[in-house]
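Take a look at the structure set out below.
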Amino acid sequence: MPHKSTKLISEELNRDYQAVLNFVHEVQRIAGNSKVRLEDVIEIDKVYPHARQ
């Protein structure tokens, strides 16, 4: 999966950069503090990432 910058993601989604950055940090914090492993393509539905343990 190609890497995309937060700036590019915010532009593609037409969202505020800071809001997207906050969301990315929250996902990183949760993923870093658990055994949840994010893999493959992740579809975001209502700001909840789909993850598999």
Side-chain angles (χ1 to χ4, degrees):
M1 178 174 227
H3 172 78
K4 290 187 178 184
S5 69
T6 302
K7 182 177 186 308
L8 180 60
I9 293 169
S10 68
E11 290 170 357
E12 289 179 348
L13 297 176
N14 195 29
R15 300 285 187 228
D16 177 68
Y17 171 82
Q18 191 62 50
V20 174
L21 183 62
N22 291 343
F23 177 76
V24 168
H25 286 166
E26 182 68 9
V27 169
Q28 289 171 336
R29 184 187 66 77
I30 291 168
N33 291 333
S34 70
K35 293 182 179 181
V36 172
R37 191 174 93 184
L38 302 178
E39 58 185 41
D40 299 323
V41 175
I42 299 169
E43 182 178 328
I44 304 299
D45 180 30
K46 297 182 184 178
V47 307
Y48 296 103
H50 296 275
R52 181 171 61 177
Q53 286 189 347

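Any value given below was found using the heavy atoms of this structure, including those in side chains, with hydrogens, waters and symmetry copies removed.
- Phe23 and Tyr17 fall into different hydrophobic clusters, where Ile, Leu, Val, Met, Phe, Trp and Tyr are joined by side-chain heavy atoms under 4.5 Å apart, directly or via other members.
- In this structure, the separation between CD1 on Ile9 and NE2 on His3 is 7.5 Å, given to the nearest 0.5 Å.
- Put simply, OG on Ser5 and CD on Glu12 are 8.5 Å apart, with the number rounded to the nearest 0.5 Å.
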Stepwise side chain to side chain donor-acceptor pair (under 3.5 Å) check, Asn22 with Glu26: CA-CA 6 Å; Asn22 291 343; Glu26 182 68 9; over 6 Å; no

